[in-house]
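Before any comments, here is the structure.
Chain letters run A, B, ... following the sequence lines, proteins first, then strands; residues in each count from 1.
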Amino acid sequence: MIIDHPLLGPRDAAEFVYKGDASLIHRPDWQADDAAAAFHEYGYLRDNPAGLHRELWFHEQGDRSWLVVTRDTTTHEITKVELARDVARTEGRSK
Amino acid sequence: MRYSGFAVLKEALTGHRGWGPAWRDASPQNAYDFVIIGGGGHGLATAYYLAKEFRQSRIAVLEKGWIGGGNVGRNTTIIRSNYLLDGNQPFYEFSLKLWEGLEQELNYNAMVSQRGILNLIHTDAQRDAFIRRGNAMILNGADAELLSTEQIKQRYPFLNTENARFPIKGGLAQHRGGTVRHDAVAWGYARAADQQGVDIIQNCEVTGFRIENGTCIGVETSRGFIGAKKVAACVAGSSSRLMAKAEMRLPIESHVLQAFVSEGLKPLLPGVITFGAGHFYCSQSDKGGLVFGGDLDGYNSYAQRGNLPVVEDVCEGGMAIFPNLGRARLLRMWGGIMDMSMDGSPIIDRTHINGLYFNGGWCYGGFKATPASGFAYAHLLATDTPHPTATAYGFDRFATGHMIDEKGQGNQPNLH
Ligand SMILES: Cc1cc2nc3c(=O)[nH]c(=O)nc-3n(C[C@H](O)[C@H](O)[C@H](O)COP(=O)(O)OP(=O)(O)OC[C@H]3O[C@@H](n4cnc5c(N)ncnc54)[C@H](O)[C@@H]3O)c2cc1C
């Protein structure tokens with residue numbers, strides 16, 4: 001698999017480490033009343049779709065950036081690669 | 001008909017005209033007491049024990065393809081009970097005991113072969129960990145023996161004990177572990193379940209659940225609605241997809257695991273060897289092929305095929321300890337999709353929906369569990385209480401913090 005890194009261009013997926021579902025960007029508020037339930041869901045429950053999946057890849061053997069990769073889990077086709085930082089910002093996180 | 005040496009002889013002399021089909025090709029009835037979704041090893045074993053041990057009537061197994069076409073027919077066939085943790089060890093030992101009596105029980109030759117399994121040791125820390133594991137096994141009634149490098153050299157003279165990075169410093173052996181002919185497990189359970197009156201319905205895909213007021217009353221299938229008092233999901237790598245139809249999210253990711261087989265060779269490897277530090281394991285099939293595997297590809301996948309970096313990684317791991325593997329040609333390789341659970345251990349539990357039960361999350365170790373999984377799931381379905389060896393396999397362990405994390409990898413399913 002080739003991941004088209006937004007800054008570095010196409011790289012072999014073997015340079016990256018897979019870190020799981022991109023929903024992990026959204027860590028729940030630990031002070032909320034429902035924090036225990038929210039962290040159970042965040043830590044353990046997954047949609048795990050057959051089809052398009054947004055997921056985190058860490059460029060460990062490269063520039064050590066985190067990417068959000070949109071990939072089809074039935075074909076391994078990658079349709080979108082974004083910097084995780086940009087995704088977090090557009091989805092409302094400040095840092 | 002009962003299989004026996006006499007029957008084989010009689011058929012041999014009369015032109016093999018007397019063998020009938022091993023199970024009926026049943027058509028779905030309108031309703032059952034128990035509908036089991038998934039005709040893999042676990043689903044068929046569940047149906048068999050439910051009918052035989054718990055004397056429940058009107059049972060159907062619904063399989064979307066053909067029975068034995070899933071992971072039960074794709075795995076590397078290793079059975080063992082060399083686990084460490086309390087939640088696991090008694091369960092896998094129970095399973096190994098059921099394997100030991102399986103062929104007599106089912107009247108079917110599943111080629112259960114207790115050729116032994118050897119986990120190699122490469123560091124002092126690993127030796128300490130394996131001694132602890134061996135003690136846990138013995139305390140739970142299993143067998144375990146610590147072997148020295150010399151003993152290993154005698155049995156496996158071709159292993160590279162002097163590898164610079166991973167010298168072999170000993171091993172933990174379980175002589176009762178071994179391999180089983182995987183397809184025969186599905187066929188044997190199917191035949192025995194059929195003889196107990198279970199309907200095995202192939203080419204019947206479950207496409208949805210009918211749930212009314214929080215109770216599941218049956219399933220929608222490609223062959224129409226089938227009513228059921230209790231519905232038991234048991235679909236291995238398809239768990240998330242199936243349970244999403246009941247609006248459940250599971251502590252599971254689906255990953256692909258590849259396996260490999262070489263050309264047929266003369267007898268070389270008497271038992272199963274595992275090289276945990278590099279992640280490679282290998283046995284020799286009765287046809288002579290070296291059957292081996294290693295790590296997951298490591299990212300969510302439903303593709304049922306693997307990618308090349310892992311092929312390279314597994315073969316490198318193999319060559320590191322088993323150099324003459326490089327002289328054998330690779331015959332074929334394949335991949336299977338598995339439920340990787342968040343702590344690496346399975347789930348056998350009721351769901352929050354009345355009448356709907358779940359069995360899954362077997363990761364890449366579920367084949368050895370087939371008999372105990374079937375027995376424990378049947379116990380749960382029949383009595384609504386978990387089997388004594390499977391009490392730890394609940395959904396709530398993730399919420400309460402009682403994970404059964406054999407490998408200590410946390411909630412990273414691709415590392416288990
Ligand atoms: C390459 C590989 C090597 C492995 N090696 C080992 C090993 O050495 N030792 C070990 O212990 N374990 C091993 N495993 C794991 C083991 O194979 C599985 O954990 C176990 O077989 C899963 O249970 P099963 O046999 O019931 O699954 P399956 O045989 O996959 O049964 C599930 C069935 O459900 C059916 N199904 C799915 N969705 C539906 C639906 N909607 N409606 C109806 N039917 C449906 C599928 O068609 C399938 O037949 C390995 C797995 C792989 C992939």
Neighbours of chain A found in residues 303-319 of chain B - heavy atoms under 4.5 Å: B:Ala303, B:Arg305, B:Asn307
In this structure, are over 12 heavy atoms from other groups packed under 6.0 Å from B:His402 atom NE2? no
Answer yes or no: does atom CH2 of B:Trp334 have more than 12 heavy-atom neighbours from other residues, nucleotides or ligands under 6.0 Å? yes
If you round to the nearest 0.5 Å, how far is CZ of A:Arg46 from CE of B:Met340? 13.5 Å
Which region of B:Ala399, side chain (C-beta onward) or backbone (N, CA, C, O), has a non-hydrogen atom less than 4.5 Å from a non-hydrogen atom of chain A, or is it both or neither? both
Most heavy-atom pairs under 4.5 angstrom with chain A, which of B:Ser254, B:Ser239, B:Gly401? B:Ser254
Proximity of residues 6-16 of chain A to chain B, residues having a non-hydrogen atom under 4.5 angstrom: none
Residue pairs, two or more places apart or on separate chains, that pass salt bridge (Lys or Arg N to Asp or Glu O under 4.0 Å) and touch residues 66-78 of chain A: A:Glu55-A:Arg71
A quick test of your reading: do over 12 heavy atoms of other residues, nucleotides or ligands sit less than 6.0 Å from NZ of A:Lys80? no
Distance-only donor-acceptor check, side chains A:Tyr18 and B:Asn300, under 3.5 Å: yes
Is chain A contacted by the side chain of B:Arg249, its backbone, both, or neither, given a heavy-atom distance below 4.5 Å? both
What parts of residues 352-362 of chain B touch chain A if we use heavy atoms and a cut-off under 4.5 Å? none
Spell out, as yes or no, whether a donor-acceptor pair under 3.5 Å connects the side chain of B:Asn411 to the backbone of A:Gly43. yes
At a heavy-atom separation under 4.5 Å, does A:Thr74 approach chain B through its side chain, its backbone, both, or neither? both
If I compare all heavy atoms of B:Tyr299 with all of A:Trp57, which pair ends up nearest, and what's the gap? CD2-CH2, 3.4 Å
Among B:Gln412, B:Met248, B:Glu253, residue most engaged with chain A (heavy-atom pairs, under 4.5 Å): B:Glu253
In this structure, are over 12 heavy atoms from other groups packed under 6.0 Å from A:Asp4 atom CG? yes
Separation between CD1 of B:Ile252 and CG of A:Asn48, rounded to the nearest 0.5 Å: 8.0 Å
What do you reckon, is CG of A:Asp33 surrounded by more than 12 foreign heavy atoms closer than 6.0 Å? no
Distance (rounded to the nearest 0.5 Å) between A:His76 NE2 and B:Asp297 CG: 6.5 Å
